[in-house]
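We use all heavy atoms of the structure for the numbers below, so side chains are in, but hydrogens, waters and symmetry mates are not.
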Amino acid sequence: MAVKHPYAITLDVGTSRVNHTGSWRTLRPEYVDRLPPCNAACPAGEDIQGWLSHAEAGDYEQAFRALTRNNPLPAIMGRVCYHPCEGACNRAQIDEAVGINAVERFLGDLAIAKGWGFAAPEAETGKKVLVVGAGPAGLSAAYHLRRLGHAVVIREAGPLAGGMMRFGIPKYRLPRHIIDAEVKRITAMGVTLSLNDKVDDIEKAVTEGGFDAAFLAVGAHIAKRAYIPAAGAAKVLDAVSLLRSMEGEEPPLLGRRVVVYGGGNTALDVARTAKRLGAEEAIIVYRRTREKMPAHDFELEEALDEGISMKWLSTIKNVDGGTMQIEKMALDDKGFPQPTGEFETLEADSLVLALGQDVDLSLLDKCPGIEIENGVVKVSPNMMTGRRGVFAGGDMAPSERTVTVAVGHGKKAARHIDAFLRGADSQATDKHGLASFDRLNTWYYEDAPATVRPMITAARRVNTFEEVVGGLDETNALYEARRCLSCGNCFECDNCYGVCPDNAVIKLGPGQRFRIDYDYCKGCGLCAAECPCGAIDMVPEQL
Amino acid sequence: MNEAPKTMDAVQKLKFYQKGTHTVGNRLVSEAERNVQASIERSNSLTCGHRACQGCGEALGARYAIDAAMRAANNQLIAVNATGCLEVFTTPYPETSWQMPWLHSLFGNAAAVATGVAAAMRVTGKRTVRTVAQGGDGGTTDIGFGCLSGMFERNDDVLYICYDNEGYMNTGVQRSSATPPAARTATTPNLGPEPGNVFGTGKFVPKIAVAHDIPYVATASVADLHDLEAKVTKAMGFHGARYIHINVPCPLGWGAHSGDTIKLARLAIETGLFPVFEAEHGRITTVRKIRRRVPVTDYLKLQKRYAHLFKGAEPDPRVARIQAMADRNIADYGLMEG
Amino acid sequence: MLEQLEGSKAMARTIALCRPQVICAYPITPQTHIVEGVGELVRDGTLENCEFINVESEFAALSVAIGASAAGARAYTATASQGLLFMAEAVYNAAGLGLPIVMTLGNRAIGAPINIWNDHSDAMALRESGWIQLFAETNQEAADLHIIAFRLAEELSVPTMVCVDGFILTHAMERIDIPDQKIVDAYLPPYEPVQVLDVEHPMSIGAMVGPDAFTEVRYLQYYKQQTSFRLIETLSQQFAKLFGRVAGGLLRSYHTEDAEFVVVAMGSINGTIKDVIDEMRAEDIAIGLVSLVTFRPFPVRALQEALAHARDVLVIDKALDPGMGGPLASNVAIAFRNMDDAPNLHSAICGLGGRPVTKASLSRLFRQAMVQPWEGPHFLDLNDRVIAREIHRRGKARRAGPAAENILKILEREKAEKARAREAAEGAS
């Protein structure tokens with residue numbers, strides 16, 4: 001080589017690249033993907049972080065598409081989901097949880113406004129699946145099955161699709177045009193919806209209809225009754241029929257003073273509905289304490305706001321005309337309520353029992369092999385009943401009875417039905433380890449408290465069935481989406497690329513993330529330490 | 001005046017980026033608004049294969065600063081380097097890690113050599129070519145201080161960048177005038193009744209630089225890249241003498257984990273021990289506020305050079321003295337909000 | 001055109017003709033008038049396109065020059081004595097980096113005791129730094145050598161020091177010819193560096209070199225100097241042709257053809273020596289002189305040739321290595337190392353700290369060397385009585401105090417005693 005410049009003292013630029021400092025390394029950084037707690041907590045199996053990342057970039061349609069890969073009902077879920085995702089959200093430990101539910105609703109509403117639909121499947125499989133019930137589980141299963149190319153028929157006993165979403169959730173929480181729009185989007189994919197079409201005998205329906213499989217999701221519509229001795233002209237109703245009758249022409253008459261018995265969300269819904277129907281007073285009687293109440297706290301807060309009163313640690317012993325005898329309870333060591341022998345009376349025009357619902361299992365009577373346990377259908381881990389090819393989910397299967405769980409059931413069942421139809425086992429993919437809070441470097445996130453969704457004032461809302469909780473507009477939806485920490489998954493913040501003192505991180509370009517250049521990486525650990533979302537592990541080198 | 005912003009959120013949209021605000025990059029903002037270090041096209045003036053220790057703050061600080069200066073100067077930049085770690089780990093024959101014209105002369109003369117380079121650019125008609133000088137704290141606050149002060153007072157067109165790792169690390173961790181009190185070094189050993197460096201000694205050169213009334217002086221940190229790049233860019237917008245003093249933790253010299261380099265730099269700011277500010281023409285113009293204030297123990301405990309402070313069962317009273325230094329900085333520079 | 005000028009002024013004007021682009025100025029006697037002079041020429045616009053930088057120390061002065069030179073500018077500075085030592089680190093560095101800086105050294109003694117007058121201690125102190133060192137005999141040559149120095153430095157890419165005797169040359173008014181700019185331009189082309197800091201062709205200059213290559217780097221420095229003798233001669237010849245007078249070269253011989261006794265010396269003292277030689281030649285004494293212009297690289301071969309016929313060589317040093325003697329003598333001795341029938345070498349130290357060297361003293365010295373040579377260095381005009389008393393005094397007390405002050409006291413006392421004796425004698429008469 002010709003010496004171009006003074007020997008040894010002067011050097012050609014960048015020549016140190018021949019010196020592979022990677023040999024110093026004892027620990028190597030490796031990129032990982034961890035399961036974000038929101039996704040882990042979502043009963044519907046949504047990739048929340050995934051769709052939020054599109055929303056963050058302002059690409060709402062892409063966000064909607066990503067969201068609806070798992071859940072076809074974002075506008076509904078954005079209203080009625082109890083959002084366990086937000087309860088699990090790591091951001092809650094910094095300031096407040098990301099308003100995932102609000103963004104979901106924003107996307108759902110935007111999709112309706114923009115008329116975004118679902119594409120029909122590219123190819124038909126030739127298989128035919130019967131879905132019994134057009135509630136959230138049935139609609140979700142139908143949607144997923146249709147996406148997979150199967151022909152789907154939904155048979156619904158009621159006059160309208162929606163199941164409990166329509167007949168159990170008050171309008172002020174879920175306006176009916178939202179249900180209509182999201183159902184229509186599913187039927188538009190080529191799903192057949194047959195209304196007022198009750199299935200009495202599932203075995204017959206499958207066989208005669210020539211179905212390759214069936215998914216049962218008839219819900220739980222039969223109100224549980226408690227034995228309360230009643231005398232005189234006592235007006236005692238159950239919550240299911242009350243809420244159902246709200247969909248009819250004539251609003252039910254409840255009187256000026258209404259007592260609701262129960263502690264679930266339905267009890268709250270009934271009490272709030274009663275207020276809107278003109279009751280001056282709505283009192284919830286519950287046998288345990290606020291802490292033990294199964295209803296969600298935010299719904300209780302809204303109810304209290306609206307002037308609902310609560311009678312804790314109380315049971316109704318009997319009803320005599322407009323008078324109820326109430327026994328005071330006390331919690332024992334195990335937290336169970338025990339009678340105290342202390343009584344008081346309560347005046348009321350009507351009593352609504354909100355004590356839970358049972359499943360109408362009559363359609364299974366003639367189907368051999370299906371087992372019933374605790375009033376619900378027993379299913380295997382792949383959601384199949386004892387009858388081969390018949391799957392079940394939603395409220396009629398053992399689970400927490402929420403719209404979200406039902407939607408998750410629908411999706412899960414669809415996946416297993418698809419596998420069944422293809423003659424394969426559906427293998428659950430290995431889940432990544434949890435992206436726990438301690439893996440985050442929260443320094444890198446700007447302080448940004450959650451956006452509070454607008455609410456109409458309590459005074460105004462108790463007189464109408466207007467939707468109580470408002471939605472986000474584009475500005476604050478974007479703001480809210482950007483509060484996501486992207487726990488456990490690289491969001492291309494460039495930190496690793498920037499903080500490496502050895503230029504040993506290669507940036508691969510938008511959407512491509514990064515690669516470690518092990519020729520030069522000395523294993524200092526700075527990239528892992530400064531990764532905001534905990535997407536880099538330091539792994540010992542093997543000799 | 002136009003109508004007021006419709007909602008608070010409209011304002012927040014401009015103000016906040018809930019993710020990426022403090023990170024190196026931010027995929028949500030335009031390429032032009034992003035940091036130099038986020039760019040695939042960054043110059044990597046200091047490229048790989050250099051022999052700095054694992055987690056070297058100086059190697060990082062140098063690339064941060066010089067890449068930013070390169071962008072600001074449209075790659076028309078020459079660097080002069082004082083003797084020290086940065087020089088030794090980047091240019092041992094037969095390899096150099098620099099990808100720009102670079103000159104090393106001596107330990108104590110970087111500022112003067114840079115003056116010469118800048119003068120040469122003027123007389124040879126290359127006025128667009130800019131000059132930076134760089135060195136560690138030893139080469140800047142001690143042996144190179146005369147040349148530095150001379151360059152300042154003549155207002156030579158040089159940006160001098162000091163990478164302050166608080167000691168003579170290249171020679172094996174000896175005390176410099178930038179070594180903080182109580183810190184153990186090879187020449188302030190962990191021996192005797194008051195182990196470590198002596199209280200009431202040392203100097204903070206940024207303040208002295210400000211006293212020269214030069215166009216621009218700033219302190220910066222590898223823990224705040226946005227601030228650092230903005231300052232280098234701003235500095236490059238001035239002609240005349242400019243000084244940027246960058247806090248660069250040294251895992252070896254401080255006895256810290258190599259992955260804690262940026263964390264330590266961050267804690268130095270958040271405790272108040274390292275005030276981050278900028279000054280123009282002799283006056284402090286902006287101060288970077290502390291974001292999440294922490295006690296100095298959070299910072300000290302991560303470093304073996306302070307281990308002697310935490311040996312006994314009783315809290316060492318010198319920790320309170322260090323806290324008092326931080327408190328004084330917070331008061332003097334106004335490092336807290338409001 | 002001939003003008004009556006102070007040496008410094010003449011040098012300043014000549015340096016300006018060399019079109020330096022960056023000049024670093026820091027005052028130190030006796031060099032100060034030179035940089036002042038160039039500074040004026042920059043200010044009044046005579047020297048265009050030049051950055052005149054007032055630095056804060058000699059260390060900075062040479063450092064600025066290093067930066068400027070590495071970045072492609074012709075750089076110049078000047079210093080003396082303590083200043084040279086203060087920049088010593090940069091002196092070595094400029095040489096190691098091969099930067100063709102030209103620096104005037106107004107030769108001056110080095111303290112302590114502090115002394116602002118002339119000798120060659122400063123140049124000798126850094127004779128191993130890797131610079132070319134040229135010694136001027138006259139003010140004309142002091143000026144001319146700068147033109148040669150720039151050309152030489154830039155052709156070799158080696159820094160060059162023009163050594164001019166402080167006060168004797170720097171402050172003396174003489175008739176000097178300041179050459180025409182056109183001729184200087186013809187002799188000295190614009191600076192074309194062999195390496196330069198260039199954004200178009202970036203490189204790293206000043207790498208750390210370990211045991212694997214350091215010897216080779218040093219050898220290349222040595223090789224460059226050892227192969228530069230012919231160039232130094234050629235540049236001198238070209239200078240003579242263009243400018244019509246002699247300057248530079250390795251050495252100049254004066255009446256050595258038939259001389260058995262040859263004096264070797266550097267700098268302005270050669271003028272006095274020539275006068276003495278002229279006088280001794282009038283007495284038919286076969287004495288000659290070799291006036292050494294180029295001290296570094298040390299022209300061993302040329303010196304051997306010039307002294308081939310001499311039986312005795314007397315080396316005049318204007319510097320002292322207290323542990324060895326005269327540095328020039330030591331160097332000349334090395335030149336004799338492989339000579340057949342090498343001459344006898346005699347060493348004399350003179351003119352330290354500005355002590356005048358008179359013709360009479362030199363004449364006495366030469367004659368003594370011829371008839372009664374001595375061992376080791378001879379200190380010209382040494383006050384033996386003072387030395388004897390000081391040595392005696394020191395022998396008596398460990399804490400005898402500083403020698404310089406004591407010597408001055410002794411001298412004062414002697415002077416007073418003499419004066420009293422004179423008064424007494426006058427009073428008696």
Residues 206-214 of chain C vs chain A, non-hydrogen distance cutoff under 4.5 Å, contacting residues -> G206(C), A207(C), V209(C), A213(C)
Going by salt bridge (Lys or Arg N to Asp or Glu O under 4.0 Å), name the residues that satisfy it together with D59(A), two or more places apart in sequence or in a different chain. none
For chain A, which residues of residues 219-235 of chain C have at least one non-hydrogen atom nearer than 4.5 Å to it? L220(C)
In Å and rounded to the nearest 0.5 Å, what is the CG to CD1 distance from L97(C) to I9(A)? 6.5 Å
Residues of residues 55-92 of chain C under 4.5 Å from chain A (heavy atom pairs)? none
For H201(C), is the NE2 atom crowded, meaning more than 12 foreign heavy atoms sit under 6.0 Å from it? no
Measuring from M203(C):CE to L11(A):CG, what's the distance to the nearest 0.5 Å? 10.5 Å
